[in-house]
Protein chains: 2
Amino acid sequence: MDERLNEILRAVVENYIDTAEPVGSRKLTKRYNLGLSPATIRNIMADLEYLGFLMQPHTSAGRMPTEKGYRHYVDCCIDDGHQLDERFIIETQKKLENIERDVSSLLENVTRELSKCSHQMGIAVAPRFSRSRLSRVELIHVKGTSVLAVVITEEGVVRNLLLDFEEPCSQQHLSKISEYINKELAGCSLEDARERVIRKVYEEKAVYDSLVARAMRIGRLIMERQVEEDIYIGGYSEVLEQPNFLDLDSIKEMFRAIEDKRMMIKVFNMIEEMESGVTVLIGSENPLDEMQDCSMVVSPYLKKGRVIGTIGVIGPIRMHYPQVISMVDETAKFLTKVFSETVGGRG
Amino acid sequence: MDERLNEILRAVVENYIDTAEPVGSRKLTKRYNLGLSPATIRNIMADLEYLGFLMQPHTSAGRMPTEKGYRHYVDCCIDDGHQLDERFIIETQKKLENIERDVSSLLENVTRELSKCSHQMGIAVAPRFSRSRLSRVELIHVKGTSVLAVVITEEGVVRNLLLDFEEPCSQQHLSKISEYINKELAGCSLEDARERVIRKVYEEKAVYDSLVARAMRIGRLIMERQVEEDIYIGGYSEVLEQPNFLDLDSIKEMFRAIEDKRMMIKVFNMIEEMESGVTVLIGSENPLDEMQDCSMVVSPYLKKGRVIGTIGVIGPIRMHYPQVISMVDETAKFLTKVFSETVGGRG
DNA sequence: AATTAGCACTCATCCACTGAGAGTGCTAAT
DNA sequence: ATTAGCACTCTCAGTGGATGAGTGCTAATT
């Protein structure tokens with residue numbers, strides 16, 4: 001594609017992102033020093049419109065980008081150079097030192113920071129519990145038939161599950177059971193563990209050893225419990241802060257979708273299967289109907305080369321993509337670093 | 001105060017709550033069967049305006065309630081009869097059976113349900129950790145110098161704290177330490193425990209027993225860790241759902257305030273010291289500047305007669321107070337019941 | 001052949017104006 | 001004490017012209 005077309009498209013998109021108003025040919029020549037007259041620009045813009053990258057809200061208005069225009073802008077017109085505020089990196093680094101290392105605080109804080117910097121809503125998906133490897137299980141007697149199972153994965157995700165037994169069970173007994181579980185299942189992925197548990201239960205049908213039987217039943221309970229704590233969201237107010245050009249109805253729909261965490265988990269499952277690195281989803285590229293008027297910029301974060309979760313932002317389609325992309329990228333790298341170095345160690 | 005004034009005030013407020021439009025004298029006579037002519041109504045309304053309960057947005061518009069008007073309406077014009085949808089109670093009961101008994105899921109789900117029913121934002125404050133009595137502490141070795149402390153209070157609140165030691169520590173040792181902590185501090189309020197820990201540490205300065213010293217140091221770490229997980233919020237989209245008559249700026253401010261959980265904890269600390277039962281805060285009665293354009297309807301919930309937390313909603317000043325008040329009341333009672341009967345048992 | 005200047009044309013937006021309608025306050029009658 | 005009647009006020013929706021930003025096309029220029 002013609003280099004000059006790209007240049008003009010880029011100018012139009014960036015101007016529109018800044019002003020939220022349709023861009024005319026005269027304005028472009030004034031702000032940017034392209035060596036071209038308005039008339040020429042007009043011809044080029046007409047071409048861009050023909051190609052589907054720009055549109056006019058009405059005759060005799062300036063042009064604004066279509067979704068396809070944004071897409072092309074993101075794909076071809078952003079130079080990967082450091083779009084990023086030095087400040088952002090420094091602040092992120094500063095957080096690095098003060099932040100708690102426990103996974104949920106980590107993600108919550110990182111999400112909040114990302115949200116503040118980017119002025120979008122921040123979203124993070126914690127390391128998927130079901131795909132993690134088991135590191136340790138501890139059973140704590142609470143009261144009566146209630147037992148608290150504390151499950152720790154190798155990623156450092158801690159989850160509490162309150163189990164309800166048919167009959168009371170002493171702490172000593174529970175300790176033995178958890179010891180047994182740990183011996184049997186440590187290092188297993190939870191899905192493996194699940195299968196193994198089911199198999200064991202089947203084998204031990206005769207219940208010759210009540211300890212094993214009990215342990216397995218607990219293991220099964222833990223596996224089957226469906227948990228929805230995987231999603232962190234922050235920055236509801238940030239989206240409202242953007243005064244121009246995103247109507248209340250869109251925001252409403254978006255909020256409704258986002259508050260349904262199960263739905264969001266589905267979305268991220270779909271995204272996760274796409275390529276690695278920062279992914280930008282613009283408008284109707286979003287898998288959810290309710291998010292057709294938003295854009296998402298997301299990136300997976302890794303531990304030892306394996307994707308374990310996703311972090312990113314959601315905001316209006318008219319968004320400062322270069323900066324936001326860099327921020328998300330930087331944040332994901334930060335998380336990757338933290339998870340690979342600190343949480344769960346190197347081994 | 002004149003009974004008739006109350007009646008008219010009530011009619012005006014309720015009509016305004018329904019329609020979001022200033023109410024005129026003619027409309028009142030049409031909708032409600034007061035045996036009065038518009039002219040009489042006008043006189044009464046003029047009186048109500050003089051008393052500060054009503055106002056006109058401009059001459060020759062109808063009247064709308066002032067904050068004082070809402071206040072009087074809530075105080076004197078609502079009959080305590082069952083304003084409540086039968087449906088709501090039944091649904092709440094249904095939840096009762098399916099809901100997880102673990103405190104955080106409980107509160108999250110209850111908050112969400114309250115939010116959905118009332119079409120306001122739901123807010124809950126979990127049993128204040130620092131004021132709770134310790135039920136059990138368990139220390140779990142995670143990796144290297146990391147130790148996970150699982151603290152359970154008598155209310156059933158479970159909290160995970162990741163501690164970082166100077167030197168590694170075996171699980172056996174940790175178990176002994178937690179055993180010791182449990183023996184020493186079980187049943188203490190956390191504030192008491194805190195003092196005792198500090199005193200102990202001071203007494204044992206010589207560190208003649210490394211176990212005790214270590215236990216106390218851990219206890220202290222746990223006490224000092226400031227945690228902000230006490231607030232549950234749900235239903236951001238509900239507030240936007242109300243199309244009429246609450247401007248974006250107010251919502252923005254409100255969201256910003258709500259997302260700052262530390263601030264919200266302060267607010268609820270202030271509220272908690274007020275009377276018991278459902279409290280309604282209208283507009284400028286709210287302690288926070290950012291919430292001058294909202295109303296809150298909140299109620300404490302108890303365990304064994306002692307206030308342990310708060311639940312309620314936040315929404316626009318123009319709110320269906322009778323229903324919302326009933327709903328909040330019902331929800332608080334429900335929580336009280338659950339906490340008194342189930343969580344943490346009766347003893 | 002590409003670029004540009006010039007010009008006619010198109011709409012949205014702003015502004016002033018207007019009439020209708022809803023609602024009020026006041027006064028006099030009931 | 002209540003009500004009917006009336007003059008008055010103010011918002012709101014609609015109208016119409018002026019303004020101006022921006023376009024597309026054509027012819028001239030480089």
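Only heavy atoms go into these numbers, but all of them, side chains included; no hydrogens, no water, no symmetry mates. Just so we're on the same page: letters track the sequence lines, and every chain starts at 1.
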- Note on the structure: In whole angstroms, the gap separating P of dT23(D) from CG of Asp47(A) amounts to 13 Å

- Task: Report the nucleotide, chosen from dG23(C), dG22(D), dT24(C), that has the shortest atom-to-atom distance to any side-chain atom of Arg63(B).
- Result: dT24(C)

- Once the angle between the rings of Tyr236(B) and Phe255(A) is folded into 0 to 90°, is it parallel (under 30°), tilted (30 to 60°) or perpendicular (over 60°)? perpendicular

- Return the set of residues passing side-chain contact (heavy atoms from CB on, under 4.5 Å) with Ser115(B) (not counting sequence neighbours), or none when no residue passes. Glu238(B)

- Query: Arg26(B) CZ to dT3(D) C1': how many Å, rounded?
  - Reply: 15 Å

- Task: Name every residue in residues 31-45 of chain A that has at least one heavy atom under 4.0 Å from any atom of DNA chain C, in order of residue number, or write none if there are no such residues.
- Result: Gly35(A), Leu36(A), Ser37(A), Ala39(A), Thr40(A), Arg42(A), Asn43(A)

- Please determine, for dT3(C), whether a Watson-Crick or G-U wobble partner exists with both distances under 3.5 Å, and give it or none. dA28(D)

- Task: In plain terms, say whether Glu241(A) and Arg256(B) are close enough for a salt bridge, that is, a side-chain N and a carboxylate O under 4.0 Å apart.
- Result: yes

- Of all the choices, dA12(C), dC10(D), dG22(D), which nucleotide is nearest to the side chain of Lys27(A) once you look at every atom? dG22(D)

- Starting from P on dT24(C), measure out to CG on Leu28(B) and report it in whole angstrom. 9 Å

- Query: Atom OH of Tyr50(A) to atom C1' of dG24(D): distance rounded to whole Å?
  - Reply: 17 Å

- Respond yes when some side-chain nitrogen or oxygen of Thr59(A) is under 4.0 Å from OP1 or OP2 of dC9(C), and no when none is. no

- Might you work through the side-chain contact (heavy atoms from CB on, under 4.5 Å) test for Ile271(A) and Val298(A), ending with a clear yes or no? CA-CA 9 Å; Ile271(A) 293 176; Val298(A) 298; 3.7 Å; yes

- Message: Whether Arg112(B) and Glu259(A) form a salt bridge (side-chain N of Lys/Arg under 4.0 Å from carboxylate O of Asp/Glu) is what I want to check.
- Response: no

- Message: What is the distance, to the nearest angstrom, from the CD1 atom on Ile8(B) to the P atom on dT24(C)?
- Response: 12 Å

- Message: Both distances below 3.5 Å, Watson-Crick or wobble geometry, any strand: find the nucleotide opposite dT30(C).
- Response: dA1(D)

- Item | Nearest-angstrom distance from the residue atom NE2 of His58(B) to P of dT9(D) | 14 Å

- Can you tell me how far P of dT24(C) sits from CD of Glu49(B), to the nearest Å? 10 Å

- Item | side-chain contact (heavy atoms from CB on, under 4.5 Å) between Leu36(A) and Arg4(A), intermediate numbers included | CA-CA 11 Å; Leu36(A) 297 170; Arg4(A) 215 177 50 183; 4.0 Å; yes

- Message: Can you tell me which nucleotide in dG22(D), dG25(C), dC10(D) comes closest to the side chain of Ser60(B)?
- Response: dC10(D)

- Message: Between Glu14(A) and Arg10(A) (salt bridge meaning N to carboxylate O under 4.0 Å), is one present in this structure?
- Response: yes

- What's the CG-C1' distance between Asp2(A) and dA2(C), to the nearest Å? 12 Å

